[in-house]
**Q** 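Provided herewith is a single structure, encoded as structure tokens, for subsequent inquiry.
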Amino acid sequence: MRPSRLPVLAAIAFLTPVLGARSPSLTGFHPDRVAEQYNLESRFDALIDVDEIGEWIERMSARPHPVGSAYGLDNAHFMVDKLSEWGWEARLEEYRVLFPTPKLRRLELLGPEGFVADLSEGPVENDPTSEQSAEQLPGYNAYSIDGDVTGELVFVNYGVPDDYLELEKRGISVEGKIVIARYYGSWRGIKPKVAAEKGAIGCLMYTDPEDDGYFRGDTYPAGGFRPSQGIQRGSVADMPLFPGDPLTPGVGATADAVRLELDEAPTLTKIPVLPISWADAQPLLEALSGPVAPEGWRGALPLTYHLGPGPARVRLQVEFNWDLATAYNVVAELPGAERGDQWIVRGNHHDAWVNGATDPVSGMAATLAEAQALGALYRQGWRPRRTVIYAGWDAEEPGLLGSTEWVEHHASELGEHAAVYINSDSNSRGFLNVGGSHTLEQFVNEVARDVTDPQTGVSLQRRLRAAMILSDEPEDRERAGGGGDLPISALGSGSDYSPFLQHLGIASLNVGFGGEGDYGQYHSIYDSFAHYERFMDPGFHYGAALARVGGRMVLRLANADRLPFEFSALASTVAGYVDEVEELTETVREETADENRWLEEGLYALAWDPTDDWIAPELEEPVPFLNFAPLRNALGRLQTSVEVFERSRDDARRLPVDVAADLDRALYASERALTRDHGLPRRPWYVHHIYAPGFYTGYGVKTLPGIREAIEQRSWDEAEQQVDIAAEVLAAAAEAVDRAAALAASE
Ligand SMILES: [Zn+2]
């Protein structure tokens, strides 16, 4: 379920690690054990078989395999059999989840001219799986409600809140209208949510070739970009409220779970929604008149983009089978020999909207390659110190259902035992891209330092540093040019790390490569093996690189003498977030004051074309000064604790086994400390107060989300309350770091 345009950052491994790139130290390892660990990793690398990764991608994407499909279950059995063969204790864990599938999809332009949308994709040459129409779910948005609506059409650009401000300025309301939004600019579920809040009765989403199509490169099958008939499927559940099964929020969707009635389920859309291709969108957009769309709203179709409303009138009809499906999670374990009650969890989803060679099978196959190599090491006598759990999640595409239900079902055990979760999803040629908990930033850098990029032969870290030094972003240039650790990004949502990190406070990482593929197949029938091997990762070398990164992370986390958490990156990163929210407040204050002054001076009336009939904004309440002192004080406290920890920890010291185990628990408890049971305002499922998906951005992260979103919504009292909560959270993190420091220093 990854967004299709991957951040351009990141990188790989090919043969054995470059000796000269090895550092004399590995965080968390006693100096005497570093050589042994590197030796184990070399053996692990040699066990990664690039051809087998390609074979598994072909095998698992051979037929459509969404949750509830015969081939999805077949893939789950395939993985359990393989894992068992490799020495893992492997099983299926089943949940019963709401999974609507289309019964009726119809879209008709009633006038001025008639047109009935085709709504189909269809086979293309040299892509055999594109012909499997009997098993393909057609283009639809999961968790759209049923509906039959008729109304005038309005073009709303990306359909995010700012776009509606532009419409309002022009006196255009979507009340009682059907909106047509283009994909991108936000997570797709935001578009129908905002449209419904603004009074629209239906929502169409189309892919504009400017964002995803011929404007970007040659279209499939000549190139890899989206063809005219390509449709982006996808969930539109209100995931920023909570992900997972819409009928069982907060609890595992076991067969006997108490379920909400369909009409009580808060994450279903409020209006009917349908995704369409640009071939189907073009006649609708051509039938719009009204003002010409602002320049930034215009896409790459050969037409003048108008806003409407009308005279285009459309009828949208959608009906779904509101059935429960069985989600089959694959779960496999290698028991820890010494601290078996500490779990290192690694996962990728296995369900796809259609064939899903890229999303998710490219990541799943790399994950399997890791499991195969770890199993082989285990059979050769390697024993992980901590327990290792590998998972293949089902039902990720409709909204992270398999992972979320598993996490909710096992919440108390995971809360106690899970030390780290490592996720991957779609993978392709390009740069290493890692997001996650900043307590693991140094750890991630050590892994990136020790794995080689397949295309350039230098370390992943070196390639990434080069890209950042040449980046347009001054911050990237400065950070990378300084020579220290490269930053990891904060995680919003969009894949299975979300329940681990944001619901339970388990330190998490999301890893993958990307940025150099022709990514035009996302969530369409063209996400096929034929597309993958031509346009995403020819030779599957980046699949092998992902396995070397993911498996190396697991090997280090499983074997370390103490878990490799470090806190200086957390403290400095959060300090940066505090600067940002303070600056954001200042910006809003200044902008509000300027706007109010311009209004009072009547500048809008003078500057605007009088024939445009625009509506000036209303006077806003002035922005009060907020008190960020509690947050600054808590941050100071955290920084002090981090310094004490850095002086106390010494990987050369040998701690008694029970103290070392307590130290590990104190280290991973630091992430739990960043959560509060009551969660974020209006969305208690999200308990992490440093990282969350944005309420109005979806996948996009909001850091210090309680404070930041209150400021964005101009809820000043709430902003001050959230400053206090964030301060409490940082103080709790400081206490966890203090406990770790005391244990690290004990004799
Ligand atoms: Zn995915």
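Numbers here simply count residues along the sequence, with the first being 1. Every number for a ligand or one of its atoms is a count from 1 in the order of the listing. Note that these values count all heavy atoms, side chains included, but never hydrogens, waters or copies made by symmetry.
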**Q** Going by an N to O cut-off under 4.0 Å, is there a salt bridge joining Glu533 and Arg429?
**A** no

**Q** Output yes if Asp425 passes the N/O/S-under-2.8 Å test against the Zn ion (ligand 1); output no otherwise.
**A** yes

**Q** Trp393 vs His350, test: ring-ring contact (aromatic ring centres under 6.0 Å, His included). Steps then yes/no.
**A** CA-CA 6 Å; Trp393 310 117; His350 69 78; 9.4 Å; no

**Q** Could you check whether Lys702 makes a cation-pi contact with Tyr696, meaning its NZ or CZ is under 6.0 Å from the centre of the six-membered ring and within 45° of the ring axis?
**A** no

**Q** Looking only at N, O or S atoms, find the one in Asp359 nearest to the Zn ion (ligand 1) and name it.
**A** OD1

**Q** Tell me which N, O or S atom of His349 sits nearest to the Zn ion (ligand 1).
**A** NE2

**Q** Would Asn348 and Ser424 count as having a side-chain donor-acceptor pair, cut-off 3.5 Å?
**A** yes

